[in-house]
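In what follows, residues are counted from 1 in the order of the sequence shown. Every heavy atom of this structure was used, including side-chain atoms; hydrogens, water molecules and symmetry mates were not.
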Amino acid sequence: MYNFTMQPMRIIGILDQTFKLYRDNFKAIISFSLLIGGTVQLVVSLLQLGAGAASTGTLFGELMSGRSFLEGLENYSDAVQSSSLSSIVSLITQVFIVYPIVYGGITLTVLLLTHGSTDHRFLAQTMSRYGKLLGTFFAALIICVLLALVYTVSLSLFVLSSGLFALAVFMVILAVAVLLILAICFFAYPVAIRESRYGFSWIGRALKLFGRRKAKTIGLLLLVGLLVTVLNFIFGVVFALFLPPVASIIGIVLVSALLTPIPIIAMTLLYLDIRITTEGYDLEIRAASLKNE
């Protein structure tokens, strides 16, 4: 069983603890990312594959296949509807299943394990908080959408009044801003769950924590993001080249499910590290445990 010591960690230490926690509690964590998230992703991917197979891809292709105009238009319309349906199903499952249950569940599991909880009914505890976790996700989503609209409008005005060099500068600024938003939002569930700050109430707290360790947060996010992206890309290419479509999709879903917990675990441990190094959280936990003895 995984034993976590409340002490300051460097980035490499956080990564080391991430893989140790994952390894020692593989069954509990993979039940969220594979059995729940993986199943959802597999169903959606197969729907998208079916939608793609139902169409030659364009209305022009339908008409050039020798069908009459009405037949080609009807087939193309059916394919577009099928593709749109799979996209809607994907969005719904991401919003109502993947983010609150998978992401929230893994975060809750990590927090319980690092605090020595003996109650390992991780799924049951996640579902008891489902409404709050969903509300927290919607709050983060609203913030991201509003910021995206602000930056889109700003970009449009910037392009209209400036040249290509200014556009390039703005795009760099935009990329940095997006990275900051992602870094802050990764604290949403740790703050919400551990400090009972659900809905919009986690935002100020997340900003405060991020401000204390900006470089460390961005560095860890970039590192784990690059690791997961590269591994997903490599396995995706290999599966696409050497496996038939359905087997390739299953392989990609499996790899994605195995890699999904890594950034969630790492950022949750970073949340604890920031509290330990800036708030004496380790001392608080020790005092509480002595008081309960």
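Using a 4.5 Å heavy-atom cutoff, the side chains of Ile262 and Leu259 are in contact. When side chains are defined from C-beta on, Phe186 does not count as touching Leu270, because their heavy atoms never get closer than 4.5 Å. For the pair Glu195 and Arg275, the minimum side-chain heavy-atom distance is below 4.5 Å. Taking 4.5 Å as the limit, some side-chain heavy atom of Ile181 sits within range of a side-chain heavy atom of Cys144. Side-chain contact between Leu15 and Leu227: absent, with no pair of heavy atoms (C-beta onward) separated by less than 4.5 Å. Residues Val110 and Ile264 form no side-chain contact, since every pair of their non-hydrogen atoms from C-beta on lies 4.5 Å or further apart. Taking 4.5 Å as the limit, every side-chain heavy atom of Thr217 sits out of range of all side-chain heavy atoms of Leu209. Inter-residue side-chain proximity for Thr260 and Tyr103 is flagged as met; some heavy-atom pair is nearer than 4.5 Å.
Here the closest heavy-atom approach between residue Thr126 and residue Pro100 is recorded as CG2-O, 4.1 Å. The shortest non-hydrogen separation linking Phe96 to Ile101 is O-CD1, 4.3 Å. Shortest non-hydrogen contact noted between Arg286 and Met6 is NH2-O, 3.6 Å. Of all heavy-atom pairs spanning Tyr22 and Pro261, the tightest one is OH-CG, 3.7 Å. Contact detail for Phe32 and Ala28: the closest heavy-atom pair is CD1-O, 3.4 Å. For Ser256 against Gln41, the heavy-atom pair with the smallest separation is OG-OE1, 3.5 Å.
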Mind running side-chain contact (heavy atoms from CB on, under 4.5 Å) on Ile36 and Leu123 for me, showing each step along the way?
CA-CA 10 Å; Ile36 299 175; Leu123 180 58; 4.0 Å; yes
Go through Asn25 and Thr109 one step at a time and tell me if the side-chain contact (heavy atoms from CB on, under 4.5 Å) criterion holds.
CA-CA 9 Å; Asn25 300 276; Thr109 299; 5.7 Å; no
Derivation of the salt bridge (Lys or Arg N to Asp or Glu O under 4.0 Å) call for Asp24 and Lys20:
CA-CA 6 Å; Asp24 294 346; Lys20 284 182 179 179; over 6 Å; no
Stepwise side-chain contact (heavy atoms from CB on, under 4.5 Å) test for Ile106 and Ile265
CA-CA 7 Å; Ile106 293 174; Ile265 297 171; 4.2 Å; yes
Go through the steps to decide whether Leu21 and Thr114 satisfy the test side-chain contact (heavy atoms from CB on, under 4.5 Å), and finish with yes or no.
CA-CA 9 Å; Leu21 189 150; Thr114 53; 4.0 Å; yes
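Applying the side chain to side chain donor-acceptor pair (under 3.5 Å) test to Lys216 and every residue at least two apart in sequence or in another chain returns Asp273. Every residue two or more places apart in sequence or in another chain was checked for a side chain to side chain donor-acceptor pair (under 3.5 Å) with Ser196, and none qualifies.
Connection of Leu222 to Val230 is not established within any shared hydrophobic cluster, with ILVMFWY side chains joined at heavy-atom distances below 4.5 Å, either directly or through further cluster members. By the criterion of side-chain heavy atoms lying less than 4.5 angstrom apart, applied directly or through intervening Ile, Leu, Val, Met, Phe, Trp or Tyr residues, Tyr130 is grouped together with Tyr198 in one hydrophobic cluster. Residues Leu243 and Ile234 do not share a hydrophobic cluster, defined by chaining ILVMFWY side chains whose heavy atoms lie under 4.5 Å apart. Val255 and Leu35 are not part of a single hydrophobic cluster, where members link through side-chain heavy atoms under 4.5 Å apart. One hydrophobic cluster, built from ILVMFWY side chains closer than 4.5 Å, cannot hold both Leu283 and Phe4; they sit in different ones.
A side-chain donor-acceptor contact under 3.5 Å links Ser128 to the backbone of Gln125. Using a distance-only test at 3.5 Å, with no hydrogens or angles considered, no donor-acceptor pair links the side chain of Thr5 to the main chain of Gln7. In this structure a side-chain-to-backbone donor-acceptor pair under 3.5 Å is missing from Ser248 to Pro244.
How far CG of Leu108 is from OH of Tyr189: 11.5 Å, rounded to the nearest 0.5 Å. Separation of atoms OG1 (Thr39) and CD1 (Ile97) is listed at 10.0 Å; rounding is to 0.5 Å. Ile14 contributes atom CD1, which lies 12.5 Å from atom CZ of Phe19 (distance to the nearest 0.5 angstrom). Going from atom CG of Leu272 over to atom CG of Leu111 covers 6.0 Å, rounded to the nearest 0.5 Å. Between Leu112 atom CG and His120 atom NE2 the span is 7.5 Å, to the nearest 0.5 Å. Here CE of Met267 is found 10.0 Å from OG1 of Thr18. Values are rounded to the nearest 0.5 Å.
Ring geometry, Tyr99 versus Phe137: the interplanar angle falls under 30°, so the pair is classed parallel (tilted spans 30 to 60°). Between Phe239 and Phe235, the ring planes are tilted. Angles from 30° to 60° get that label.
Around the CG atom of Leu146, the shell of radius 6.0 Å holds more than 12 heavy atoms that belong to other residues, nucleotides or ligands. Heavy-atom contacts from other residues, nucleotides or ligands closer than 6.0 Å to CZ of Arg212 number more than 12. At most 12 non-hydrogen atoms from other residues, nucleotides or ligands lie less than 6.0 angstrom from CZ of Arg10.
Side chains of Arg194 and Tyr281: a donor on one and an acceptor on the other come within 3.5 Å.
Salt-bridge annotation for Glu279 and Arg213: absent, with no side-chain N of the basic residue lying under 4.0 Å from a carboxylate O of the acidic one.
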